[in-house]
There are 2 protein chains.
Amino acid sequence: MPARSSPASQAARPTAGKAATINDIARLAGVSKKTVSRIINNSPLVRKDTREKVEALMREVGYTPDPLARGLAFRRSFLIGMVYDNPTAQYIVDMQYGALDALRESGFELVVHPCDTRSPGYIDGVRRFVQQQKLHGVMLIPRASEDQNLVDMLAETGCRYTRIVPVGFDDRDGRMIVTHDRDGAAEAADYLLTLGHRDVALITGPLAYRSAIERTEGFVGTFAKRGIEVPKSRIIEASYTFESGVAAAEKLLAGKQRPTAIFCGNDEMAAGVYKVAMRAGISIPRDLSVIGYDDSPLAARLWPSLTSVRRQTRDTGRIAATMLIRPDNGPLPVASVRPHLIVRDSCQPPA
Amino acid sequence: MPARSSPASQAARPTAGKAATINDIARLAGVSKKTVSRIINNSPLVRKDTREKVEALMREVGYTPDPLARGLAFRRSFLIGMVYDNPTAQYIVDMQYGALDALRESGFELVVHPCDTRSPGYIDGVRRFVQQQKLHGVMLIPRASEDQNLVDMLAETGCRYTRIVPVGFDDRDGRMIVTHDRDGAAEAADYLLTLGHRDVALITGPLAYRSAIERTEGFVGTFAKRGIEVPKSRIIEASYTFESGVAAAEKLLAGKQRPTAIFCGNDEMAAGVYKVAMRAGISIPRDLSVIGYDDSPLAARLWPSLTSVRRQTRDTGRIAATMLIRPDNGPLPVASVRPHLIVRDSCQPPA
DNA sequence: CTGAAAGCGCTTACAG
DNA sequence: CTGAAAGCGCTTACAG
C-alpha cells in the first residue's frame, strides 16, 4: 500500500464537521502539544513569538479546548455550582445573572443546585454534587451560606467556595462577600427618624439567621442612638413569608395604639402589612408608613409603591463568581457590598 | 527490590482519600472493566448474577462513574442546558426546579444560559455554549423557544432539544411541550361571561409572539362564540411589562365608557391596571374586574388578590428535562400542559 | 523555553 | 455473555 495516502497527511487540516483538537493545532503550528497546552494555560514558559503564532492559529481555526478533556486531566471540571435555599425568585435569578456576568467568555459554566437546608440529608446532597461533578468551586447563597456545617464539609472535601454572608462570620480565609445588612436597616431607620416617626414597629425574619439579627440591630440601634427605645412588644419575629407578614401586621395594627411606621425584614412581609392595612381601611402612607427590604419587583408594583432597601444582588453574584475563577486560590481580602434605601411612596411624616 | 510491595497489590482497595474508579471495581469484582462499563450503561449483555454482584460492590464502595471521563469518551457531556430570554423570575426559577426534579439522581446537571434574543449574536452564543460544553441537550424556554432560527441552528449542530411552545408550531420531531395558552385565556373569558360581563377589554403581550396571539384569540374567540364582539379599540398591544400595563390601562380607563373587566396577558400588566385604577379611585372589583396570566407571586400579594391563569411551569420543566434524558432519541408524542384559572378576589359581576 | 511518554477514567470497535 | 487493545483530548512529571 503506497505511503502517500497515510491518514496523517490527509488530516493536515481539521475537517469541517469535526472540531479541531490540541493535536491539530500542534501539528499545524509545528510545535508539540505540550507547548499548545502551555499557551492554553497561560504558562509564562513560552516564547512570545511562539505564543503569538499559535494563538493566531487557534483563532483562525476556531479552536477551543475541550472542557471535558481538560477536566479529566485536571481532575477538576470547569463548572461553578450555585447552592441556595432561598424562596425569593428574583434574588436567585439576579444572583445567577451576576455570576454569569463574571463567567462569560471564561470557559466556566454555572450549574444550579437549590436545596432544602431543613432536610437532614441536604449536606450529603451537596457533597455528592461537589464531588461527582468535581466542581471548580461553589457559591454559597443566603441562607445556606450561614450554615457552618455546610462550610465545614466543603473545607473537608477541599472544594473552594465563596460565601455571601452578613457581618459576624469568621473571615480567616477571606473567601466571603459581606452584605452589610445592618447598614441597610440603619438607613431605613434614619429615614423614618427624619420624617419624624418615634413610635415604630419591626417585623423581622427568623432570628436564627444572622441576617435577620443584623437588620434588627441596625434598625433598633439607630433609634437607640437618638435615645428612642423600640419596645419588645413592637418587634415581631416572622418567617420572611407573605402569610407571616399578614399575621404579624394583624397583631401590630389591632388596637388603638398603632405604630406610625413599620419596617419589614423583606418585601414579602411588607406586602402582608399592605394587605392588613388595606382591609382595615388604614391608609398607607397617611396613617401608616411602611418600609421593606430587598427592593423586589413587588416593591414598585404595590400601590402605593413601597420604599425598600435594595441589595446589590447582581454585583454580589459577579464578585462571588470572580473570586472562584481567580487563577490563584490564596487568601483574599473580604469583599463588601452595601445596601441602600430606595425611596418610593409608602412613607410620610406621622399624622 | 522484592516484588511483594508492588503498587498493584497495595491498591487492593481504593484509598479513603481517593474515589474508586472503574478499574477498582473491575479488580475487586474479578471482571473486566468493560463488563463494569456495560453495567453502568444498562447494557442487556450482562449475566444477571454478574450484574447484581458488581452493583452490590459499587454501592458498598460508594462508586459513581466520573462524568468527565464518560463525557470525554462519549463525546457528550452529562449537562442539560436551559436557554431562555424571559424577564419573569418566578417562571424561570419554577422551570429550573421542574427540570431539577427530573434530573435528580440521574447523573445529569442543569446549566443555565439566559440570553437576549434581540441581540444579533445570541444564536452564535448558544451555539458556542452547546458545542463547547458538548451538551447532552437543551431546553428551550419561551420566548426563545419560538425562534425558528435558534431551532434550526440546533438541528444543524445535531444537539437534541425540547421546546416549550404554544399551539401552532411544527411538531414533526415531537420534541415539544405544548402550553395550551388558548385554553387558559378561554377559561378567563368564560368566567367573565358567567359573571355577566359583556363590555370587556384586553391588554396583550407583543403579538410577534405566538403565545400572545393564542391568548388573545382564546379570549376573543370565546366571547365571539357567545355572539359578543370585542372591538379593536378594546384590545391594546403592550409588552408584558408593568409600565406598558400602566400605559395601556390609562388609555382604557380614561373616558366615561370604561370596560367592566380587563384581561391581561400577564400579571405584571395586571399590576399596572391596579395602579391606574387605584390612583383614579376606580374600585377593584366593584367598578372593574381584572384577570391576569401567570399566577405569579404578585397575584396573591396584590390587594385585592388577583384572579389569574396558572401555568404548570414546574411540571413543564420536569417533562422537558425528562424528554432530554430518555435513553432513546427517537420521535416522541408531543406533550401537553394545560393552564387553569385560579379564582381570587379581583372579579365580580358588573355594577 | 520545548518535548516524548504516561496517565486522567471512561467507551468504542473488534474479537471470541 | 465477556474481555484486551486503542482511543477520547487534554495535563502531569520528567528530561533536556
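Convention: sequence-line order gives letters A, B, ...; per-chain numbering from 1.
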*For DNA chain D, produce a single dot-bracket line, 5' to 3'. Pairs: Watson-Crick or G-U wobble, both distances under 3.5 Å. Symbols: ( ) within strand, [ ] crossing, | other strand, . unpaired.*
|||.||||||||.|||
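Applying the 4.0 Å criterion to OP1 and OP2 of C:dG3, one finds that A:Thr35 has a side-chain N or O inside that range.
Under the side chain to side chain contact (heavy atoms under 4.5 Å, CB included) criterion, B:Asn86 pairs with B:Thr88, B:Tyr91, B:Ile92, sequence neighbours left out. With sequence neighbours excluded, the residues satisfying side chain to side chain donor-acceptor pair (under 3.5 Å) with B:Asp49 are B:Arg47. Contacts of A:Thr64 classified as side chain to side chain contact (heavy atoms under 4.5 Å, CB included), with partners at least two apart in sequence or in another chain: B:Gln132. Partners of A:Ala73 according to the side chain to side chain contact (heavy atoms under 4.5 Å, CB included) rule, which considers only residues two or more places apart in sequence or in another chain, do not exist here. In this view, A:Phe129 and A:His113 satisfy the ring-ring contact (aromatic ring centres under 6.0 Å, His included) rule, not counting sequence neighbours. B:Ala89 pairs by the side chain to side chain contact (heavy atoms under 4.5 Å, CB included) definition with A:Ala89, A:Gln90, A:Val93, not counting sequence neighbours.
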*When you check every protein heavy atom under 4.0 Å of nucleotides 5-10 of chain C, what one-letter string (B, S, -) results, 5' to 3'?*
--BBBB
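Sorted by first and then second residue, the salt bridge (charged side-chain N to carboxylate O under 4.0 Å, His left out) pairs involving residues 109-126 of chain B (not counting sequence neighbours) are B:Asp116-B:Arg118, B:Asp124-B:Arg127. Listed by first then second residue, pairs satisfying salt bridge (charged side-chain N to carboxylate O under 4.0 Å, His left out) with a partner in residues 130-146 of chain A read A:Lys134-B:Asp66, not counting sequence neighbours. Residue pairs satisfying the ring pair (Phe, Tyr, Trp, His ring centres under 6.0 Å) criterion with at least one member in residues 36-75 of chain A, sequence neighbours excluded, are absent.
Within the 4.0 angstrom heavy-atom criterion, no nucleotide atom of any strand lies near B:Pro67.
Contacts between residues 45-52 of chain B and DNA chain C, counted as heavy-atom distances below 4.0 Å, involve no residue at all.
Of the possible donor and acceptor atoms, one in the side chain of B:Ser77 sits under 3.5 Å from a partner among the backbone N and O of B:Gln133.
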